[in-house]
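Working notes, structure below.
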Amino acid sequence: MENQTESSEFIFLGLSSNPQLNIFFFLVFSTIYLLTLSGNVTIILVIRKEPSLYTPMYYFLSHLSFVDICYSTDIVPKMLMNLLMKKMTISFTGCLTQMFFSLLLSVTEVFILSAMAYDRYTAVCHPLHYIAIMNKTLCAYLVMGAWIMGFLFAIINTVPTLSLQFCGIHKISHFSCELPPLLKISCSDTFFNNMILLSSVVIFGLGSFLPTFVSYFQIISTILNIRSPEGRSKAFSTCSSHFIVVGLLYMTGMSQYMKPSSMSSMTIDELFSIQYSILTPMLNPIIYSLKNKEVKKALGRIFGGK
């Protein structure tokens with residue numbers, strides 16, 4: 001208990017201890033990271049440059065892309081460095097910093113997705129009042145609220161971690177600093193930390209999921225009343241892809257932070273983390289933007305395509 005956590009290092013045990021397999025992982029995740037950066041940066045630049053995309057939906061999309069860039073950058077570069085090292089380590093300060101921004105950005109993302117769901121609900125269910133409801137002030141407040149929720153969630157869970165003690169060799173059964181694996185290796189009593197984590201995940205998770213679920217439920221109900229089969233098919237194809245991504249994000253993220261430690265599996269935990277912290281930021285620009293005809297047309301005009 002006399003060890004000073006300030007001068008200690010944490011050792012990551014994942015993804016693999018096989019050097020050849022680590023090279024393969026390095027190539028795979030390097031490609032994913034480059035795709036994430038290029039896709040999201042493209043979306044932001046196109047939305048900023050194309051006047052026809054100055055709408056609430058694309059305003060939220062640009063902020064979602066920015067969050068995805070930050071989220072992926074918080075996790076992947078350090079992971080790539082460790083994959084090339086014989087010893088996968090991170091300092092105590094670096095670990096807490098990575099964890100803080102991971103908590104901040106993940107919760108900010110789900111609340112921005114809630115704002116996007118409400119925007120689509122207003123557009124589909126109240127089209128005549130859409131412009132009046134989704135004004136610039138409301139959009140700015142929704143984005144600001146998302147960042148505030150993320151910051152509160154990160155502060156609530158990071159501050160109690162500062163008082164934890166870590167004894168002996170600090171080995172984290174993961175490839176990044178996430179709170180549940182960090183609590184497992186502490187030699188302090190973590191009951192209070194676990195209760196804070198569980199309570200905050202339930203409150204913030206439901207606070208963002210319920211508006212999203214209600215919005216999509218109302219959208220689907222409205223779509224079912226559309227007489228044209230082509231109209232229903234088009235609307236369902238758009239909403240279904242959005243809802244699948246949101247559902248996967250909530251299921252993997254909340255299960256990771258809410259399941260008992262007795263049910264933990266290093267492989268499952270890492271797969272879940274890869275899905276919501278690495279794959280989702282790459283898929284978001286594809287599902288939310290690059291499949292959109294308006295974005296394709298804007299890309300064509302900007303880059304001189306037909």
Side-chain angles (χ1 to χ4, degrees), residues 1-15 71 74-75 78-79 82 88-111 146-210 248-277:
M1 293 293 290
E2 295 178 357
N3 291 343
Q4 296 297 315
T5 54
E6 287 81 359
S7 60
S8 65
E9 284 187 334
F10 293 97
I11 301 173
F12 293 124
L13 299 181
L15 295 162
Y71 197 4
D74 179 53
I75 303 295
K78 181 61 179 177
M79 183 180 71
N82 283 335
M88 303 180 184
T89 62
I90 188 170
S91 66
F92 177 76
T93 303
C95 187
L96 283 186
T97 302
Q98 186 183 67
M99 185 190 74
F100 174 84
F101 282 104
S102 178
L103 296 172
L104 164 66
L105 295 166
S106 60
V107 171
T108 301
E109 174 152 340
V110 295
F111 274 97
W147 282 100
I148 291 173
M149 290 297 103
F151 182 76
L152 288 175
F153 183 80
I155 287 291
I156 288 170
N157 286 284
T158 302
V159 171
T161 309
L162 298 173
S163 62
L164 294 179
Q165 293 288 335
F166 299 90
C167 312
I169 300 175
H170 315 141
K171 294 183 178 180
I172 302 177
S173 301
H174 213 274
F175 59 83
S176 67
C177 282
E178 292 197 13
L179 187 52
L182 200 61
L183 294 178
K184 288 179 189 177
I185 65 171
S186 174
C187 51
S188 303
D189 184 7
T190 59
F191 176 79
F192 179 66
N193 301 77
N194 281 305
M195 288 304 298
I196 291 176
L197 177 61
L198 179 61
S199 302
S200 59
V201 168
V202 170
I203 294 171
F204 285 83
L206 291 179
S208 59
F209 178 75
L210 288 178
L248 285 173
L249 181 63
Y250 276 101
M251 284 190 295
T252 54
M254 292 187 72
S255 63
Q256 179 81 321
Y257 283 84
M258 291 181 67
K259 68 179 184 299
S261 57
S262 58
M263 295 178 59
S264 292
S265 166
M266 182 175 173
T267 302
I268 298 298
D269 290 348
E270 288 181 344
L271 287 175
F272 280 3
S273 295
I274 288 171
Q275 193 280 319
Y276 63 73
S277 65

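- Put simply, the side chain of Ser91 gets close to the backbone of Gly94: a donor and an acceptor are under 3.5 Å apart.
- Counting heavy atoms from C-beta on, the side chains of Val107 and Leu152 never come closer than 4.5 Å.
- In this structure, Phe12 CZ and Cys95 SG are separated by 5.5 Å, a value rounded to the nearest 0.5 Å.
- Scanning both residues, Ile172 and Pro181, for their nearest heavy atoms gives CG2-CB, 3.8 Å.
- Summarising the geometry, atom NE2 belonging to His174 is positioned 11.5 Å from atom CG belonging to Leu179; distances are rounded to the nearest 0.5 Å.
- Counting heavy atoms from C-beta outward, Thr108 and Phe151 have side chains that stay 4.5 Å or more apart.
- The two residues Leu183 and Asn194 have their closest heavy-atom pair at CD1-OD1, 3.3 Å.
- Under the rule for a ring pair (Phe, Tyr, Trp, His ring centres under 6.0 Å), Tyr276 has no partner lying at least two apart in sequence or in another chain.
- The two atoms that bring Ser173 and Leu13 nearest to each other are OG-CD1, 3.7 Å, heavy atoms only.
- Under the 4.5 Å side-chain criterion, counting only non-hydrogen atoms from C-beta, Leu206 is not in contact with Ile203.
- For the ring pair (Phe, Tyr, Trp, His ring centres under 6.0 Å) test, residues two or more places apart in sequence or in another chain that qualify with Phe153 are Phe204.
- With hydrogens and angles disregarded, no donor-acceptor distance shorter than 3.5 Å links the side chain of Lys78 to the backbone of Phe175.
- Considering CZ of Phe166 and CZ of Phe10, their distance stands at 4.5 Å, rounded to 0.5 Å.
- To the nearest 0.5 Å, atoms CD1 (Ile90) and OG (Ser176) are separated by 8.5 Å.
- Distance alone, capped at 3.5 Å, is enough to place a donor-acceptor pair between the Gln98 side chain and the Cys177 backbone.
- With rounding to the nearest 0.5 Å, the separation of CG in Leu103 from CD in Glu178 is 8.0 Å.
- Looking at Tyr71 and Ser102, their side chains come closer than 4.5 Å, going by heavy atoms from C-beta outward.
- Between atom CD1 of residue Ile75 and atom CG of residue Leu105 there is a gap of 9.0 Å, rounded to the nearest 0.5 Å.
- Residue pairs that meet the side-chain hydrogen bond (donor to acceptor under 3.5 Å, both in side chains) test with at least one member in residues 146-164, sequence neighbours left out, are Asn157-Ser200.
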